[in-house]
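What follows is a short report on a single structure.
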Amino acid sequence: MLSALHHKGSVRSICCFSSAPSVAAPEPRSRKATLLRPSPCGLLPAQRMPNATEPLGSALPHTAKAIYLDYNGTTPIFPEVAEAMEPFLGECFGNPSSGHVYGRRSKRALDEARGAVATLIGAESPTEVVFTACGTECNNWALAGAALAWREGHPGATPHVVASAVEHPAVTECLKALARLGLLCYTLVPVDAEGRVCLESLRAALRPGSTAVVSLMHANNETGALQPVAEAAAAARAAGALVHCDAAQSIGKVQVDVNELGADLLTVVGHKFGAPKGVAALYIRSGVRLAPFLHGGGQEGGRRAGTESILLAAGLGAAAALARAELAAAGAHMAACRDRLQRGLLAAFPPGATRVNGPSDDAHRLPNTLSIGIRGLSAAAALEALADSLAASSGAACHAPGGGGDDGGARISGVLQAMAVPRENALGTLRLSTGRHTTLEEVDRAVAFILAEAKRQGIATVVK
Ligand SMILES: Cc1ncc(COP(=O)(O)O)c(C=O)c1O
């Protein structure tokens with residue numbers, strides 16, 4: 001699948017049968033021809049020369065009217081990825097476990113996709129990569145699987161898990177549920193005002209001999225804060241614990257390497273970097289004991305039974321190859337867009353009226369994420385009013401269960417609460433996340449939309 005990625009300058013899957021697929025490739029942008037030339041090894045597209053102000057890749061197939069600044073929510077399926085999946089909607093349908101020609105071809109495609117994911121994250125062997133359905137599954141499996149395996153080796157004892165207070169609900173809700181079942185106990189470690197975990201508290205929370213797993217996300221989905229995973233992992237290992245890292249938000253945006261991070265288990269989520277929704281992967285370091293997730297046939301090395309979706313795996317593999325090839329260029333482009341957004345919004349309001357939530361040091365945050373609180377603004381009302389023109393998200397869930405007070409029942413996100421963001425900034429927080437296809441022109445229009453909405457809400461602005 002990934003062995004011939006170069007058709008009209010775009011990532012293209014070769015059909016697993018001898019004749020080429022008849023589906024026409026989307027017309028690439030003219031500058032595209034220079035982007036993805038064959039690499040010498042022929043496996044992955046070569047790194048393009050970065051031009052940070054221009055979006056990457058083929059144009060998106062739709063002409064959405066609303067500006068899309070919600071790449072942390074999900075990305076579109078990148079056109080090159082869709083193209084790579086095409087053969088698996090048609091003639092390449094075999095069950096990869098079948099020994100005949102159809103099955104073998106699917107197996108080859110599955111192996112190539114697995115290899116591309118393994119290469120992207122620096123895994124030693126493709127066998128360390130298991131395909132799953134979503135990030136939630138990966139996180140649930142990592143925690144429950146490690147806890148169950150630990151219990152087998154410690155009859156009668158309860159495993160302890162350490163996680164940060166700003167993990168995704170796919171970690172925190174799972175921990176709550178497993179604790180209710182009596183399968184584990186856990187400690188959530190606080191973060192500082194910039195949303196980074198306090199290493200001192202993390203070290204203090206470890207219980208050598210009974211802490212089975214430390215789960216720390218690589219990047220936070222709301223603030224983009226990069227966590228000190230390598231440092232936490234060193235402490236965890238010294239205490240005899242496994243390390244799980246949820247890298248859902250960092251893959252495709254910054255370098256993710258399981259050895260640099262010190263991760264034994266790592267969550268990869270396709271729809272955050274150009275693959276379709278419904279496919280993800282869990283990295284399981286060789287030798288790590290993890291209870292199987294699904295019991296049945298021997299698929300995925302007997303760890304997650306069920307016939308694999310070659311279509312979705314092919315999409316994940318193509319997205320992984322693209323993410324690897326484009327990492328530097330994509331990061332620079334996302335950052336150029338994010339920085340322009342940040343500058344535009346900070347300049348639009350009086351000093352002190354805005355607060356950027358997250359690390360002040362760019363080295364400690366994702367290149368694409370801007371979480372900005374505008375004092376006095378109702379972010380929920382703004383997003384509602386702008387729903388047809390600007391797609392973004394807020395730091396508060398309006399009218400969520402448990403909400404209350406004089407702000408229409410809005411509930412502030414757990415992440416902003418953990419960072420002790422002042423309430424009026426939190427309620428006015430917008431999460432804007434840029435991506436591979438964002439344009440500077442869209443960024444400027446987004447700033448203008450937000451400004452107009454703030455004025456409509458009676459917020460003082462600098463720009464008339
Ligand atoms: C950090 C993080 N982890 C896990 C997930 C869950 O992924 P999925 O929606 O594929 O289950 C998300 C999705 O938003 C996320 O941002």
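Side chains are part of it too, since the values below use all heavy atoms of this structure and drop only hydrogens, waters and symmetry mates. Every number for a ligand or one of its atoms is a count from 1 in the order of the listing.
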Scan the side chains in residues 172-187 for donor-acceptor partners under 3.5 Å anywhere in the protein, sequence neighbours excluded, and list what turns up.
residue: E173; atom: OE2; partner: K176; partner atom: NZ; Å: 2.8
residue: T187; atom: OG1; partner: H160; partner atom: NE2; Å: 2.7

The single option from F78, Y68, Y71 that satisfies ring-ring contact (aromatic ring centres under 6.0 Å, His included) with H437 is F78
The protein residues that pass the under-4.0 Å heavy-atom test against ligand 1 are C134, G135, T136, N139, H168, M217, N221, D246, A248, Q249, V269, H271, K272
Between S286 and E124, is any side-chain donor less than 3.5 angstrom from a side-chain acceptor?
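Looking only at side-chain atoms, E124 and S286 do not form any donor-acceptor pair under 3.5 Å.
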Here the side-chain hydrogen bond (donor to acceptor under 3.5 Å, both in side chains) pairs for residues 291-300, sequence neighbours left out, are R114-E300
With a sphere of 6.0 Å drawn around CG of D361, does it hold more than 12 non-hydrogen atoms of other residues, nucleotides or ligands?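 Yes, enclosed.
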Item to check | Inter- and intrachain pairs under salt bridge (charged side-chain N to carboxylate O under 4.0 Å, His left out), touching residues 234-262, at least two apart | outcome: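 Found R237-D264.
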